[in-house]
Amino acid sequence: MIPRENIRNVAIVAHVDHGKTTLVDHLLRQAGTFRSNEHVAERVMDSNDLEREKGITILAKNTAVSYKGMQINIIDTPGHADFGGEVERGLRLVDGVILLVDAAEGPLPQTRFVLTKALAMGLKTVLVINKIDRQDARAPEVLDLVYSLYIDLGADDKQLEMPVLYTVARQGQASTSLEVPGKTLEPLYDAIIKHIPPPAASEEKTPQLLVANLDYDDYVGRLAVGRVQAGRFTPNMPVAVVREGGKVEQGKIVKLFGFSGLKRVEIQDAGPGEIVSIAGIEDVSIGDTFGDPEKPVALPRITVDEPTMMMIFKVNDGPLAGKEGKFVTSRNLRERLYREAYRNVAVRVEDTETPDAFRVVGRGELALAVIIENMRREGYELTASNPEPITKHIDGVLHEPMELVFCDVPENSVGVVTERMGPRKGRMADMTQLGSGRTRLQFRIPARGLIGFRSEFLTITRGEGIMSSQFDGFEPWFGYIPKRKSGAIVSDRLGDTVPYALFSIQERGALFVAAGTTVYEGMIIGEHAHESELNVNCCREKKLTNIRAAGRDENVILTTPREMGLEKALEWIADDELVEVTPKSVRMRKKALAVGERYRAERDRKREERAADAE
């Protein structure tokens, strides 16, 4: 058992892309975690395939290093607002945070979010201003902005007295002064040991542990990860599991693991402050408490901010269903979604009126897209609807979630970004000159107004814009927001696309499919240049005759189709459309596949609108 005074539990929190995972890499290397000849991947904490592909952290993960006889447990947290539930869960394990801020970009929405949570929990902070080697770095100004943020959030004098370090994370350098360049990360280790307090002594003598994460091991099964709050835990020890609602069940610890670097190490006992994994209790949930079998005392359960986005996940009922996936039934889909909600505290799954459709509620469209992408890779087939905001009634008035949006753009893009925000009900709250020809715009906008805007934003800023957002409360419903000006080009039959047919269709808009792609009636194959929907025969072949005619053959040259990945497809679809996801394909389709059904649905909708206007 490690003495409580020799333990430091710290989380690294920051906005996305400010360098958290890179800093953890060098903290592990300089603590001697890896052998000198060991090959170590870059961003080693991003162990998930999806994390490596996207270049972002999705799941909070913990590691541990030893430094001067001290055990430092480090929690690497996501920086994207959609994965805020992981941050809130990670903060329950620690006694302090390393707040990482980019020396050029300064504090951004997620910086404010994580700092709000840390200050509310009374956690001590160590401020690290990273990327001071950037050409546009402005560390002194960023430091003033961080102090302003602390004051805005109501920090007291003790919380304002924090150590400030300047780092270049990718080179593993830290310094307490801008004038003196750093050589190693020793100043950061020393600041953690000096300023982050050890775990507080608990008045409770009986064992207590709050489950903050779940893991799985091929040999011992389900693992519950948590921090020992009080008492002592040992292998083969009987424990009481206090579940939601106060229900108590008995269990037994089979194995006890601690953390050393990236490995789990079997240990014989664990005391207050230690972060451990416990094997032997299968049906455990995040937020459960392990306690004394005779008089269990429950710890406060983990709570996260309410979700703001909702999607309907439905069984794939298209003509090509079951041809590419392994899990295609509603039972498979339901089990997988409830398993996701079981281990992800920021996600909620609800049954709907129809047995093959499920309402999935999450923090944002990216968080929901990650769930779909993981399911797709596991062999599931499903359809997903357009993301919608979660509304609620306050004093009898319909309210919708708002977002605070920060856009860092080149100065020549300010006008077009402001113009595009107008129809989406975005209102400018602030505009700041950042220097180097860049401007930061701040908008308040309904969450539904942001759906589909990210890809448009990158287009209008020529890929040079940086956009981030944060949930900012509820406001009365803003009314109709136009989503997409263009209509869809829809296939009217089942078959394979033919170059001859696509050649004439491509003049009407942008194609999403190449020649030889299998399509079906109701499948969207392109974006129409006009607002109306266009039904086409994309399988039409050229009629051949035995009469030779000079100059009759046109040279068929097809433009490269626009690639629509999962996230782009979810942003693009309208209310009457779905994204069909299989392990090999991402397709877009109409909810009603038959042309006649779509015509009748549109006619009924217009009648209802006229009736509503007449009233």
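Sequence positions, counted from 1, serve as the residue numbers for this chain. Because the structure is predicted, anything quoted here is derived from the model rather than measured.
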Original post:
Which is it for Ile312 and Arg359 under the side-chain contact (heavy atoms from CB on, under 4.5 Å) test, yes or no, and what are the steps along the way?
Top reply: CA-CA 5 Å; Ile312 301 293; Arg359 185 179 290 106; 4.0 Å; yes
As an exercise, state the distance from [atom1] of [X] to [atom2] of [Y], rounded to the nearest 0.5 Å.
X      : Y      : atom1 : atom2 : answer
Thr77  : Arg89  : OG1   : CZ    : 11.0 Å
Leu209 : Ile253 : CG    : CD1   : 8.0 Å
Arg112 : Gln470 : CZ    : CD    : 7.0 Å
Leu223 : Asp215 : CG    : CG    : 5.5 Å
Ile451 : Glu388 : CD1   : CD    : 8.0 Å
Leu127 : Ile129 : CG    : CD1   : 5.0 Å

Side-chain contact, heavy-atom cut-off 4.5 Å: [X] with [Y]?
X      : Y      : result
Leu368 : Met309 : yes
Ile390 : Thr308 : no
Pro199 : Asn9   : yes
Pro389 : Pro401 : yes
Gln268 : Thr234 : no
Val225 : Ser277 : yes
Val146 : Val164 : no
Pro197 : Lys124 : yes

**OP:** Check Leu570, Val360, Leu578 against Ser385 for a side chain to side chain contact (heavy atoms under 4.5 Å, CB included) and give me the one that passes.
**Re:**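 It is Leu578, the one option of Leu570, Val360, Leu578 that forms the side chain to side chain contact (heavy atoms under 4.5 Å, CB included) with Ser385.
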Subject >> Member of Val94, Leu99, Thr111 meeting the side chain to side chain contact (heavy atoms under 4.5 Å, CB included) criterion with Val13 >> reply: Leu99
Non-hydrogen atoms of [X] and [Y] that approach each other most closely:
X      : Y      : value
Leu28  : Ala64  : CD2-O, 4.4 Å
Ala270 : Val276 : CB-CG1, 3.6 Å
Ile7   : Pro272 : CD1-O, 3.8 Å
Pro78  : Val87  : O-CG2, 3.4 Å
Phe259 : Arg264 : CE2-CG, 4.0 Å
Ala357 : Thr352 : O-OG1, 2.7 Å

Answer yes when [X] and [Y] have at least one side-chain N-carboxylate O distance shorter than 4.0 Å, and no when they do not.
X      : Y      : answer
Asp95  : Arg227 : yes
Arg377 : Glu373 : yes
Arg301 : Asp288 : yes
Glu335 : Arg331 : yes

Could you go through residues 148-156 and list every donor-acceptor pair under 3.5 Å that involves a side-chain atom there, pairing it with any protein atom two or more places apart or in another chain?
| unit_1 | atom_1 | unit_2 | atom_2 | d |
| --- | --- | --- | --- | --- |
| Ser148 | OG | Asp144 | O | 3.0 |
| Tyr150 | OH | Thr125 | OG1 | 2.7 |
| Asp156 | OD1 | Lys158 | N | 3.2 |
| Asp156 | OD1 | Gln159 | N | 2.8 |

Under 3.5 Å, side chain of [X] to main-chain N/O of [Y], donor-acceptor pair present?
X      : Y      : value
Glu381 : Gly322 : yes
Gln208 : Val297 : yes
Thr289 : Leu299 : yes

**OP:** Quick one: which residue pairs count as a ring pair (Phe, Tyr, Trp, His ring centres under 6.0 Å) with a foot in residues 367-402, not counting sequence neighbours?
**Re:**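 Residue pairs passing ring pair (Phe, Tyr, Trp, His ring centres under 6.0 Å), neighbours aside: Phe327-Tyr380.
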[X]: side-chain hydrogen bond (donor to acceptor under 3.5 Å, both in side chains) partners, not counting sequence neighbours:
X      : result
Glu475 : Arg444
Asn6   : none
Asn130 : Thr167

**OP:** Quick one: do Val328 and Asn316 satisfy side-chain contact (heavy atoms from CB on, under 4.5 Å)? Show the steps, please.
**Re:** CA-CA 7 Å; Val328 296; Asn316 183 11; over 6 Å; no
With sequence neighbours excluded, residues passing salt bridge (charged side-chain N to carboxylate O under 4.0 Å, His left out) with [X]:
X      : result
Arg336 : Glu340, Glu378
Glu580 : Arg587
Arg8   : none
Asp292 : none

Subject >> Those residues that, when tested against Phe474, pass ring-ring contact (aromatic ring centres under 6.0 Å, His included) (two or more places apart) >> reply: Phe471
Subject >> Under the ring-ring contact (aromatic ring centres under 6.0 Å, His included) test, residues paired with Phe233 that sit two or more places apart >> reply: none
**OP:** For His15 and Asp102, run side-chain contact (heavy atoms from CB on, under 4.5 Å): C-alpha distance rounded to whole Å, both residues' side-chain angles, the deciding distance at 0.1 Å, then the answer.
**Re:** CA-CA 9 Å; His15 190 80; Asp102 190 298; over 6 Å; no
Side chains of residues 186-194: which donor-acceptor pairs under 3.5 Å do they make with residues two or more places apart or in other chains?
| unit_1 | atom_1 | unit_2 | atom_2 | d |
| --- | --- | --- | --- | --- |
| Tyr189 | OH | Leu27 | O | 2.3 |
| Asp190 | OD1 | Tyr67 | OH | 3.0 |
| Asp190 | OD1 | Lys68 | NZ | 3.4 |

Original post:
Is it the case that more than 12 heavy atoms not belonging to Glu5 sit under 6.0 Å from its CD atom?
Top reply: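 Yes, because the 6.0 Å sphere around CD of Glu5 holds more than 12 heavy atoms from other groups.
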**OP:** Begin with the C-alpha distance, continue with both residues' side-chain angles, and end with the deciding distance and a verdict on side-chain contact (heavy atoms from CB on, under 4.5 Å) for Ile72 and Ile74.
**Re:** CA-CA 6 Å; Ile72 303 175; Ile74 303 168; 3.9 Å; yes
